[in-house]
*Asks:* 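Below is a structure I'd like to ask you about.
None of these values were measured; they are calculated from a predicted model.
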Amino acid sequence: MNTLKDKALVIIGGSSGIGFRVAQLAADEGARLLIVGRDVGRLQIAQADLEARGVTVETRQVDAHDPAALESLFNELPVFDHLVSMIGDVMGGGFVGADIAVIRHVIESKFFTNVRIGQLAATKVREGGSLVFTSGTGGRAQDACASYVGNLGINALVEGLAVELAPRARVNAVSPTWTVTPFWRDVPPAQIEATRDHFEQVIPLKRTANIDELASAYLFLMNNGFVTGQHIAVDGGIMLGA
């Protein structure tokens with residue numbers, strides 16, 4: 001296993017939720033961090049927390065869904081050892097009754113934005129480094145939606161990039177199922193609890209994950225130099241019965 005000490009790590013979507021916890025765990029291993037996010041306030045809070053852990057932290061305010069802003073970000077980035085992308089909006093509810101504009105947005109967010117991140121990151125990742133994307137699990141054809149299609153796209157992207165970047169760099173993804181994180185901050189609490197109850201019934205382990213169970217998977221993929229082209233499901237076995 002490698003170590004993240006003194007390694008340069010870029011986290012797109014690292015100012016809150018799972019991405020922020022990845023940043024905290026990486027800081028505890030001594031990584032040098034660059035956090036990218038949309039919200040200035042959350043970036044400032046994240047930077048203060050991470051700097052208190054004794055590591056170097058930079059931030060960039062960028063909306064990764066803006067192609068021009070994303071390209072400008074990578075143009076100014078120095079080379080790095082690892083990159084984590086948390087990018088990908090979600091939706092549920094199937095296809096028939098869904099707004100086609102929402103479907104397009106989610107697939108654009110989950111798949112095409114990460115394709116562009118992969119293209120740009122490929123020019124900046126150091127030899128021996130890695131890219132880690134975020135897909136997801138939780139459904140198959142019977143409850144498919146734009147998020148499901150986007151997740152499949154990310155997993156295919158990971159396999160393709162892994163071949164293209166080998167042996168210089170590795171590419172993987174973490175695939176969580178639904179978990180309570182700050183991503184759902186704008187959802188009514190009653191809806192959150194109803195969703196949690198649902199997943200606790202259908203997940204074989206009969207509970208949802210805690211955030212460290214998700215975040216630690218990203219560090220595993222960065223630290224293990226012999227894993228590439230994989231998407232690791234951190235989902236309590238939900239896909240086993242789907």
*Asks:* Check whether any side-chain N or O of Q230 sits under 3.5 Å from a backbone N or O of N172 as a donor-acceptor pair, and report yes or no.
*Replies:* no
*Asks:* Measuring only between side-chain heavy atoms, which start at C-beta, is L73 closer than 4.5 Å to N75?
*Replies:* no
*Asks:* For I87 and H65: C-alpha separation, side-chain torsions, deciding distance, then whether side chain to side chain contact (heavy atoms under 4.5 Å, CB included) applies.
*Replies:* CA-CA 9 Å; I87 299 302; H65 297 103; 3.8 Å; yes
*Asks:* Distance check, rounded to the nearest 0.5 Å: F20 atom CZ versus I211 atom CD1?
*Replies:* 9.5 Å
*Asks:* Would R60 and L43 count as a side chain to side chain contact (heavy atoms under 4.5 Å, CB included) here? Give the steps.
*Replies:* CA-CA 8 Å; R60 298 286 189 279; L43 283 169; over 6 Å; no
*Asks:* Could you tell me whether R53 and E51 have a side-chain N and a carboxylate O separated by less than 4.0 Å?
*Replies:* no
*Asks:* Side chain to side chain contact (heavy atoms under 4.5 Å, CB included) for T59 and V36? Distances and angles first, verdict last.
*Replies:* CA-CA 6 Å; T59 64; V36 180; over 6 Å; no
*Asks:* Quick check on F80: does its CZ atom have over 12 non-hydrogen neighbours (other residues, nucleotides or ligands) under 6.0 Å away?
*Replies:* yes
*Asks:* Treating N155 as the side-chain partner and H231 as the backbone partner, does any N or O pair qualify as donor plus acceptor under 3.5 Å?
*Replies:* no
*Asks:* Taking atom types as modelled, is there a side-chain donor on H105 or D89 under 3.5 Å from an acceptor on the other?
*Replies:* yes
*Asks:* Would you mind reporting whether Q201 and D197 have side-chain heavy atoms less than 4.5 Å apart?
*Replies:* no
*Asks:* Side-chain contact, heavy-atom cut-off 4.5 Å: F226 with R170?
*Replies:* no
*Asks:* Has E76 got more than 12 heavy atoms of other residues, nucleotides or ligands less than 6.0 Å from its CD?
*Replies:* yes
*Asks:* Report the distance from atom CG of L152 to atom CD1 of I107, rounding to the nearest 0.5 Å.
*Replies:* 10.0 Å
*Asks:* I45, I35: one ILVMFWY side-chain cluster at the under-4.5 Å cut-off?
*Replies:* no
*Asks:* According to a 4.5 Å side-chain heavy-atom criterion applied to Ile, Leu, Val, Met, Phe, Trp and Tyr, with indirect links allowed, do V62 and V40 form part of one hydrophobic cluster?
*Replies:* no
*Asks:* What's the shortest heavy-atom distance between S135 and A173, and which atoms?
*Replies:* OG-CB, 4.3 Å
*Asks:* Measuring from Q24:CD to D49:CG, what's the distance to the nearest 0.5 Å?
*Replies:* 4.5 Å
*Asks:* Please determine if R207 and E213 form a salt bridge, counting it only when a charged side-chain N lies under 4.0 Å from a carboxylate O.
*Replies:* yes
*Asks:* To the nearest 0.5 Å, how far apart are OG1 in T134 and NZ in K110?
*Replies:* 8.0 Å
*Asks:* Closest heavy-atom contact between A69 and D63?
*Replies:* CB-O, 4.2 Å
*Asks:* Do the side chains of R116 and E71 get close enough for a salt bridge, i.e. N-O under 4.0 angstrom?
*Replies:* yes
*Asks:* Are D235 and T137 close enough that a side-chain donor and a side-chain acceptor fall under 3.5 Å?
*Replies:* yes
*Asks:* V202 and I192: same hydrophobic cluster, using ILVMFWY side-chain contacts below 4.5 Å?
*Replies:* yes
*Asks:* Identify whether V79 and L34 are in the same connected component of the hydrophobic contact network (ILVMFWY, side-chain heavy atoms under 4.5 Å).
*Replies:* no
*Asks:* Please name the pair of heavy atoms, one in F95 and one in I103, separated by the smallest distance, quoted to 0.1 Å.
*Replies:* CD2-CD1, 4.1 Å
*Asks:* Determine whether N223 and L4 make a side-chain contact, defined as any pair of heavy atoms from C-beta on separated by less than 4.5 Å.
*Replies:* yes
*Asks:* Between P176 and L214, what is the shortest heavy-atom contact and its length?
*Replies:* CB-CD2, 3.7 Å
*Asks:* Go through it in stages, so that I can follow the logic: the residues are T179 and T208, the test is side chain to side chain donor-acceptor pair (under 3.5 Å), and I'd like the CA-CA distance, side-chain angles, deciding distance and then a yes or no.
*Replies:* CA-CA 6 Å; T179 306; T208 56; over 6 Å; no
*Asks:* Are the side chains of L131 and V125 in touch, meaning some heavy atoms are under 4.5 Å apart?
*Replies:* yes
*Asks:* Which heavy-atom pair separates N114 from S109 by the least distance, and what is that distance?
*Replies:* ND2-O, 3.9 Å
*Asks:* Do the charged groups of R32 and D6 touch, with an N to O distance under 4.0 Å?
*Replies:* no
*Asks:* Check for me, please, whether L165 and V163 land in the same ILVMFWY cluster - side-chain distances under 4.5 Å, paths through other members count.
*Replies:* no
*Asks:* Which value, rounded to the nearest 0.5 Å, describes the distance between L83 atom CG and F133 atom CZ?
*Replies:* 7.0 Å
*Asks:* Tell me, do Q47 and L33 make a side-chain contact under 4.5 Å, heavy atoms counted?
*Replies:* no
*Asks:* Within a reach of under 6.0 Å around CZ of R104, are more than 12 heavy atoms found that belong to other residues, nucleotides or ligands?
*Replies:* no
*Asks:* Evaluate the side-chain proximity of H198 to I203: yes if any heavy-atom separation is below 4.5 Å, no if none is.
*Replies:* no
*Asks:* Quick one: do R168 and E127 satisfy side chain to side chain contact (heavy atoms under 4.5 Å, CB included)? Show the steps, please.
*Replies:* CA-CA 5 Å; R168 187 172 62 85; E127 184 170 353; 3.9 Å; yes
*Asks:* Working to the nearest 0.5 angstrom, can you tell me the gap between L161 CG and I117 CD1?
*Replies:* 11.0 Å
*Asks:* Pairing donors with acceptors under 3.5 angstrom, does anything connect the side chains of S130 and H82?
*Replies:* yes
*Asks:* Which heavy atom in G236 sits nearest to a heavy atom in P204, and how many Å separate them?
*Replies:* O-CD, 3.3 Å
*Asks:* Report yes if the side chains of I232 and Y218 come closer than 4.5 Å at any heavy-atom pair, otherwise no.
*Replies:* no
